[in-house]
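Note sheet for the following structure.
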Protein chains: 4
Amino acid sequence: MRNTGFYDEPDHGLTDEVLAETDVLTWWAHVTHGQVKDEVVDRVQQRVLNGMGLILLHSSHFSKIFKRLMGTGCYLKHRGADEKERLWCTDPSHPIAEGIPDHFELPQHEMYGEPFGIPKPDSVVFISWFAGGEVFRSGCTFTRERGRVFYFSPGHESNPIYRDEHVLRIIANACRWAALPAGPALAQGHFPNPLENSVRPEGS
Amino acid sequence: MRNTGFYDEPDHGLTDEVLAETDVLTWWAHVTHGQVKDEVVDRVQQRVLNGMGLILLHSSHFSKIFKRLMGTGCYLKHRGADEKERLWCTDPSHPIAEGIPDHFELPQHEMYGEPFGIPKPDSVVFISWFAGGEVFRSGCTFTRERGRVFYFSPGHESNPIYRDEHVLRIIANACRWAALPAGPALAQGHFPNPLENSVRPEGS
Amino acid sequence: MRNTGFYDEPDHGLTDEVLAETDVLTWWAHVTHGQVKDEVVDRVQQRVLNGMGLILLHSSHFSKIFKRLMGTGCYLKHRGADEKERLWCTDPSHPIAEGIPDHFELPQHEMYGEPFGIPKPDSVVFISWFAGGEVFRSGCTFTRERGRVFYFSPGHESNPIYRDEHVLRIIANACRWAALPAGPALAQGHFPNPLENSVRPEGS
Amino acid sequence: MRNTGFYDEPDHGLTDEVLAETDVLTWWAHVTHGQVKDEVVDRVQQRVLNGMGLILLHSSHFSKIFKRLMGTGCYLKHRGADEKERLWCTDPSHPIAEGIPDHFELPQHEMYGEPFGIPKPDSVVFISWFAGGEVFRSGCTFTRERGRVFYFSPGHESNPIYRDEHVLRIIANACRWAALPAGPALAQGHFPNPLENSVRPEGS
């Protein structure tokens, strides 16, 4: 893992070279999503489709790269009232939940609530309960061609979320899961010659 | 249904007014995908997310709107050798397959083959067998927020595909399915007031 | 719809004749699941696989027929403390949520909590928030061969749940959805003759 | 891995002790499925739900344990005409496909064809093409509570299928995938005490 993405670096530090040697990219951003260049989004998307893992944290639900990979608006309800959040594991088969109890609490956090504008996840690993009355699919996996994607909502900057042992364990588990080897590279395009002799090649 | 999308109409005929009164849009295109304006793609995407059904036919796998809604490259293998295609129904629970036998044949068609660069469909209703040796997920459903999407690969312009009774029935079934009523409009954004009194409103 | 399933009727009223003319069966049961005869469970399962819709309410998460169709233990957490439940719609594309607001409340209900021992649903239409701190996937769809199944957790016998307008609307919507026409009957078994001449029939 | 399951061993060799120390069980069977004792099926099911991986090969699509875990009939079309099968990878993100080309052939094999009576898989990793004209979802993953399950159809006893390098690689990959660590053990049952003070404990 590399700590990348600063706006003042060329290509935000996300050059072809950096991406090519990256197995899993973690993405945290808030507010300034619009400053990320479209050509960098194109490049990161392409690298995910080619097999790089991508872990999106907290407000990156609204990043260009997440919206690009989802194809939806990715919007949600939110409220900054420092209320209690309790995460429940709803896919106990998933390696991302290894070593995590069936629920744990974040004493004070920003509320993110349903409806969350995403396609159906491959797995909803965690669902959050909020003291103010909402629920949220807070840990969701997706596959996009050869790439694995995990969205995890904890991580508001004014709360010490990334000091919570369970949160750190989940992110580490997610990086390991997203870095698992993938299947074949995509062989696509024009294949004029059939695999079976009973069919004549195109144009013959 | 309206027959829309000509490049020489303003906004390709896909104005806000037309889209607002459209329940299900069918989309067929080949080769000239790049001529579709990005702002029209934005508008159609938004209307799908708000509940309009979308049926994408044949080469529209590579249309801007399909790639936008999928978040992937949507590429595939192809070969124009007029070979036999046989479609097998692999989701007999689906209303799109009503009245269709468990398999049917298209005597001559363009081959579209795997790997097809799409996210996991909600349902793979049909899988195609090709005489030249390939297979293809030829009928796939997706949901995107409130909208239902069906991709159906038959429809090459040099073969009389749209005279096949099963193909026509599937497209009609798909339009009915995509037009089913949806759930609530999306209430998203800033909700400073919690639903439970135990939490103080944001900023209080 | 028929009101069936009494233990003192022959076959609990679920004869082949009754099932054959039933489009959608609703099932409510509590405590006495063990009294349902296995041969009746076999018959209902077979009828679902052949296309009958099945709506399972509240404690029928632990009925023989639900466990049979899921292949899992179907267990959950529970508490009878008459606490507030709030249901959130998490699939706004689904016809089961038509006419339902994005959330609604049941003032007093039994708590059902995660982890819920079910396979991944096709759609999680509702997720419940409980005042005591838990969450639950309270409205889940499944397909089993030609049949559509909806599990909906509201309905404890000591609360007036089935007088709630939203609950009644959801059950009515679910019946309509489960009764949609299905695809082809399953043609399975021994097919000694290949569809292509390039292969010799079995045994030839 | 242990080679277990002989009918003349007590409990077919699948005692509680053996299962408890088994990470992943591979299951091959043909014809004599009915001789497997129901109490052994109960035990293997319970062990899968508690996290043991299960790899089901070829005719074990019709084993009691597979039908139990699926909740469906699991039937298919079949023909023993020693025809060519070609497997196509349709989930290039999956670790089970690591090191496998985008397609490979088995020169002579029994045909297994759609419709295959299974619930929607979590992932369809492979789809097979048969020379006689059929297709089949030949590599499918499922999760059942904490357990991971992979069904893989190659393996007819009269063909040297298990000498094919790709088949062997896929089975090895599947064992590694099914043995990945899982999430929390299932905490289910009666929880009379709410997690939040705003709700009074049950019975108080």
Side-chain angles (χ1 to χ4, degrees), chain A residues 48-53 84 86-105 120-123 125-126 129-131 133 139 141-149 166 169-170 173 176-188 191 194-198, chain D residues 48-53 84 86-105 120-123 125-126 129-131 133 139 141-149 166 169-170 173 176-188 191 194-198:
Chain A
V48 170
L49 300 181
N50 285 336
M52 182 181 72
K84 190 191 292 183
R86 182 180 292 110
L87 290 96
W88 289 92
C89 178
T90 49
D91 184 357
S93 78
H94 210 288
I96 288 181
E98 184 201 0
I100 306 299
D102 84 339
H103 68 277
F104 68 97
E105 296 178 10
K120 286 191 177 70
D122 290 1
S123 171
V125 187
F126 300 103
W129 175 100
F130 284 93
T141 70
F142 305 89
T143 44
R144 288 296 178 268
E145 302 198 4
R146 300 182 77 216
R148 294 185 200 95
V149 177
H166 298 313
R169 176 73 180 260
I170 288 166
N173 287 346
R176 268 191 293 272
W177 167 80
L180 285 173
L186 297 167
Q188 297 167 321
F191 285 73
L195 298 160
E196 298 295 316
N197 290 330
S198 56
Chain D
V48 169
L49 300 182
N50 285 337
M52 181 181 74
K84 190 192 291 183
R86 182 180 292 111
L87 291 94
W88 289 91
C89 178
T90 49
D91 184 357
S93 78
H94 210 289
I96 288 181
E98 184 200 0
I100 306 298
D102 84 340
H103 68 278
F104 68 97
E105 295 178 11
K120 287 191 176 72
D122 290 1
S123 171
V125 187
F126 300 102
W129 177 100
F130 285 92
T141 70
F142 305 89
T143 44
R144 290 294 179 266
E145 302 197 6
R146 302 182 76 216
R148 294 187 201 94
V149 176
H166 298 313
R169 176 72 180 260
I170 288 167
N173 287 345
R176 269 191 293 271
W177 167 80
L180 284 174
L186 296 167
Q188 296 167 320
F191 286 73
L195 298 161
E196 296 296 315
N197 291 331
S198 57

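So that the names make sense, note that chain A is the first sequence line, chain B the second, and so on, each numbered from 1. Just the heavy atoms: all of them, side chains too, but no hydrogens, waters or symmetry mates, feed the values below.
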* Asked: When heavy-atom pairs shorter than 4.5 Å are enumerated against chain A, which of P184(D), G99(D), S123(D) gives the highest number?
  -> P184(D)
* To do: Please name the pair of heavy atoms, one in D102(A) and one in A187(D), separated by the smallest distance, quoted to 0.1 Å.
  => OD2-CB, 3.4 Å
* Asked: Where on E98(A) is there a heavy atom nearer than 4.5 Å to chain D: the side chain, the backbone, both, or neither?
  -> both
* Is chain D contacted by the side chain of R144(A), its backbone, both, or neither, given a heavy-atom distance below 4.5 Å? -> neither
* **Contacting moiety of D122(A), where chain D heavy atoms sit under 4.5 Å** => neither
* Structure fact -> In this structure, NE2 of H103(A) is separated from CG of L195(D) (nearest 0.5 Å) by 4.5 Å
* Asked: CG/L186(D) to SG/C89(A) distance, rounded to the nearest 0.5 angstrom?
  -> 9.0 Å
* **Structural part of P95(D) lying under 4.5 Å from a heavy atom of chain A** => both
* Which of P181(A), P101(A), G147(A), A185(A) touches chain D most, by non-hydrogen pairs under 4.5 Å -> P181(A)
* To do: Of all the heavy-atom pairs spanning H94(D) and R148(A), show the shortest one and how long it is.
  => C-NH2, 4.1 Å
* Asked: What are the two closest non-hydrogen atoms of P92(A) and A182(D), and how far apart are they?
  -> O-CB, 3.5 Å
* **I96(A) portion near chain D, given a 4.5 angstrom heavy-atom threshold** => neither
* Asked: Under a 4.5 Å heavy-atom cutoff, which of S198(D), G51(D), G183(D) has the most pairs with chain A?
  -> G183(D)
* Structure fact -> Okay, I100(D) and chain A: the region with an atom under 4.5 Å from a heavy atom over there is backbone
* Rounded distance (nearest 0.5 Å) linking atom CD of E145(D) with atom CG of D91(A) -> 11.0 Å
* Asked: What part of W129(A) lies closer than 4.5 angstrom to a heavy atom of chain D: side chain, backbone, both or neither?
  -> side chain
